[in-house]
S.K.: 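Got a structure for you, written out below as structure tokens; questions coming shortly.
In each ligand, atom 1 is the first atom listed, and ligand 1 is the first ligand listed. Below, each value reflects all heavy atoms present in this structure, side chains not excepted, and no hydrogens, waters or symmetry copies.
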Amino acid sequence: MSHAEEAVPATARRSPPLAGVARVPGDKSISHRSMMFGGLASGETRISGLLEGEDVMRTGAAMRAMGANIEKRGAEWVIRGTGNGALLEPEAPLDFGNAGTGSRLTMGLVGAYDMETTFIGDASLSKRPMGRVLNPLREMGVQVLKAAEGDRMPLTLRGPRQTAPITYRVPMASAQVKSAVLLAGLNTPGITTVIEPVMTRDHTEKMLKGFGANLEVETDKDGVRQIRIEGQGSLTGQTIAVPGDPSSAGFPLVAALVVPGSDITIENVLMNPTRTGLLLTLQEMGGNIEVLNRRNAGGEDVADLRVRASELKGVTVPAPRAPSMIDEYPVLAVAASFAEGETLMQGLDELRVKESDRLAATAAGLKVNGVDCTEGKDWLSLRGQPGGKALGGGTVATHLDHRIAMAFLVLGLATEKPVTIDDQAMIATSFPEFMGLMAGLGAEIEVVE
Ligand code: S3P
């Protein structure tokens with residue numbers, strides 16, 4: 001079943017002040033890893049707050065197909081894993097739908113097994129480059145038996161009898177590539193080393209350590225990280241409370257900043273510093289965001305965010321900040337559309353290989369709604385319009401990209417004319433509760449069934 005066949009448009013209109021308290025679903029990155037590491041570890045893993053989006057469910061299905069027992073009991077997910085090194089050969093292709101993280105991390109995980117695994121996905125995932133993960137796996141001895149042109153899905157891997165440990169310097173800022181190599185290292189004898197010149201989200205390192213992996217991180221004076229993992233150790237089931245996803249929180253957060261008179265609180269948001277670039281940028285723009293009740297929950301910092309409508313001003317977002325807000329640029333562009341002056345976002349090359357070419361999709365969506373913007377090879381600049389008087393009225397092509405869909409619905413909550421997106425179906429991959437949560441805050445979004 002393809003989402004493209006079921007395109008369901010939605011329209012967002014200028015809304016009254018947003019108000020209330022909301023909780024966004026669990027963090028997508030941590031949810032994928034909880035399913036995976038729980039499915040791999042010996043004994044029981046219990047997960048609360050798991051994101052039940054389509055992407056994470058695909059990862060769960062893949063782990064099940066390789067021998068993990070995964071079930072939902074009440075509000076908790078309970079997993080009995082296979083034990084490290086004991087995954088089974090799946091009988092059918094693993095279908096990852098739209099999920100880049102699930103598929104790339106699983107390629108690393110199964111690459112180190114002497115078995116054949118085939119990966120398939122939807123039209124968006126089948127266009128995304130997988131060579132970034134396959135190349136280090138090849139160095140470890142993994143064979144790519146089949147792949148579509150340009151190392152894309154559908155593709156089939158076959159691990160060697162025993163993978164060879166490597167030292168791999170990650171050539172682009174990508175937590176998925178880093179994680180794939182570390183996960184291959186889990187079932188490889190000796191020490192696999194990943195050198196990460198630019199720090200990306202560190203959930204894999206933190207969580208693998210929590211599950212008992214022998215993993216060390218050293219950071220040199222230039223901030224270059226060396227992550228070493230010793231393979232073939234045992235992993236033990238854990239209890240995990242998944243904090244709210246800061247990437248999902250970005251949508252109601254920006255909505256409250258741009259809809260005049262709004263005052264909302266978003267509870268229990270993950271505050272891991274590798275994920276807080278959007279918050280910092282919005283605060284620099286003059287956004288009134290209070291970080292309340294900072295606390296530690298299961299090894300991660302979380303907080304509640306009180307957000308009030310604000311007069312924003314344009315800023316320059318420097319390239320080194322990109323990894324800490326990589327999924328947030330579309331919604332940042334929406335905030336900047338209402339800011340006084342110019343906003344320049346730099347270092348956006350990785351946006352070209354997300355669920356869509358997000359740089360092009362964002363620029364096109366802005367333009368069709370009257371926002372004055374310029375798209376560069378790896379940058380985007382735009383001149384905002386406080387009040388949004390002449391903005392809106394366009395229909396945005398979402399290209400099977402959930403974040404493009406949500407970002408442009410947020411735009412329409414504060415523009416003079418409504419904003420329509422061509423398809424809202426993909427929102428369910430990461431934020432199935434989006435429509436209900438936004439409506440609960442007072443947002444006027446109509447789904448055209
Ligand atoms: C993710 C890493 C990022 C991010 C994605 C989730 C992860 O991708 O965009 O949504 O959980 O590791 P890249 O590794 O491609 O930057």
Side-chain angles (χ1 to χ4, degrees), residues 25-37 50-51 53-56 58-59 96-109 121 124-125 127-136 151-152 168 170-183 194 196-208 225 227 242-243 245-251 270 272 274-278 300 319-332 347-359 361-362 378 400-404 406-407 426-427 429-431:
D27 185 68
K28 182 149 80 78
S29 295
I30 295 180
S31 295
H32 275 299
R33 289 161 174 81
S34 301
M35 279 285 191
M36 258 182 204
F37 305 164
L50 186 86
L51 164 64
E54 287 172 10
D55 280 11
V56 174
R58 298 277 187 178
T59 295
F96 278 94
N98 195 248
T101 305
S103 57
R104 291 198 177 120
L105 268 57
T106 304
M107 284 176 203
L109 192 60
S124 154
L125 190 56
K127 278 191 210 145
R128 299 180 68 183
M130 297 297 154
R132 51 180 55 204
V133 168
L134 301 183
N135 289 336
D151 273 344
R152 284 168 223 274
Y168 191 70
V170 185
M172 68 288 287
S174 168
Q176 292 177 359
V177 175
K178 162 178 70 179
S179 301
V181 178
L182 291 173
L183 295 184
V194 173
E196 189 180 47
V198 180
M199 186 172 181
T200 61
R201 66 192 68 195
D202 58 354
H203 308 304
T204 298
E205 299 92 299
K206 278 183 147 173
M207 290 177 69
L208 279 180
R225 299 172 82 230
I227 309 153
V242 183
D245 193 327
S247 301
S248 298
F251 301 106
L270 173 67
N272 178 314
T274 65
R275 302 289 300 280
T276 49
L278 176 70
E300 288 285 6
R321 198 177 295 166
S324 68
M325 55 178 296
I326 193 65
D327 292 333
E328 280 69 84
Y329 286 100
V331 81
L332 174 66
L348 306 189
D349 40 325
E350 279 293 305
L351 289 199
R352 300 255 182 226
V353 289
K354 294 297 174 187
E355 285 82 331
S356 67
D357 175 345
R358 264 189 198 153
L359 187 41
T362 302
D378 63 353
L400 296 175
D401 189 329
H402 55 130
R403 297 199 199 280
I404 296 296
M406 290 184 276
M426 300 314 291
I427 293 174
T429 61
S430 71
F431 197 165

S.K.: Residues two or more places apart in sequence or in another chain: which of them pass side-chain hydrogen bond (donor to acceptor under 3.5 Å, both in side chains) with T274?
M.R.: N272
S.K.: Is Q176 in polar range of ligand 1, meaning some N or O pair under 3.5 Å apart?
M.R.: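 Yes.
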S.K.: Could you tell me whether ligand 1 has any atom less than 4.0 Å away from a heavy atom of S247?
M.R.: no
S.K.: Test S29 against H203 for side chain to side chain donor-acceptor pair (under 3.5 Å), laying out the working first.
M.R.: CA-CA 7 Å; S29 295; H203 308 304; 4.7 Å; no
S.K.: Which ligand 1 atoms are under 4.0 Å away from a heavy-atom of D327?
M.R.: 4 (C), 5 (C), 9 (O), 10 (O)
S.K.: May I ask you to list the atoms of ligand 1 that are less than 4.0 angstrom from any heavy atom of A173?
M.R.: 16 (O)
S.K.: Could you tell me which non-hydrogen atom of S247 sits nearest to which non-hydrogen atom of R403, and how far apart they are?
M.R.: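 Of all heavy-atom pairs spanning S247 and R403, the closest is CB-NH1, 3.6 Å.
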S.K.: Please name the residue in the list D327, D245, D55 that meets the salt bridge (Lys or Arg N to Asp or Glu O under 4.0 Å) test with K28.
M.R.: D55
S.K.: For R201, which part has a heavy atom under 4.0 Å from ligand 1: side chain, backbone, both, or neither?
M.R.: side chain
S.K.: S179 to ligand 1: N or O pair under 3.5 Å?
M.R.: no
S.K.: Passes side chain to side chain donor-acceptor pair (under 3.5 Å), E54 versus T429? Steps please.
M.R.: CA-CA 4 Å; E54 287 172 10; T429 61; 5.9 Å; no
S.K.: Under 3.5 Å between some N or O of ligand 1 and some N or O of S174?
M.R.: yes
S.K.: Would D401 and K354 pass as an ion pair if we require N to O under 4.0 Å?
M.R.: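 Salt bridge: no.
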S.K.: For M172 and ligand 1, answer yes if some heavy atom of the residue is under 4.0 Å from a ligand atom, otherwise no.
M.R.: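 Flag not set, M172 not near ligand 1.
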S.K.: If the cut-off is 4.0 Å to any non-hydrogen atom of I326, which atoms of ligand 1 fall inside it?
M.R.: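 Near I326, meaning under 4.0 Å from one of its heavy atoms, ligand 1 has 9 (O).
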S.K.: Consider every N or O of A175 and every N or O of ligand 1, then say whether any pair is closer than 3.5 Å.
M.R.: yes
S.K.: Is a salt bridge present between R201 and D27, judged by a nitrogen-to-oxygen distance below 4.0 Å?
M.R.: no
S.K.: Do any nitrogen or oxygen atoms of R33 come within less than 3.5 Å of a nitrogen or oxygen of ligand 1?
M.R.: yes
S.K.: Tell me which protein heavy atom sits closest to atom 16 (O) of ligand 1, plus the residue, atom name and distance to 0.1 Å.
M.R.: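 Looking at atom 16 (O) of ligand 1, the protein heavy atom closest to it is K354 NZ, 3.1 Å.
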S.K.: Do the side chains of R132 and E350 get close enough for a salt bridge, i.e. N-O under 4.0 angstrom?
M.R.: yes
S.K.: Could you tell me which atoms of ligand 1, counted from 1 in the order shown, lie closer than 4.0 angstrom to a heavy atom of T101?
M.R.: 1 (C), 5 (C), 6 (C), 7 (C), 11 (O)
S.K.: Which one of S29, G102, P323 has a non-hydrogen atom at the shortest distance from atom 11 (O) of ligand 1?
M.R.: S29
S.K.: Which residues satisfy the side-chain hydrogen bond (donor to acceptor under 3.5 Å, both in side chains) test with S103, sequence neighbours excluded?
M.R.: none
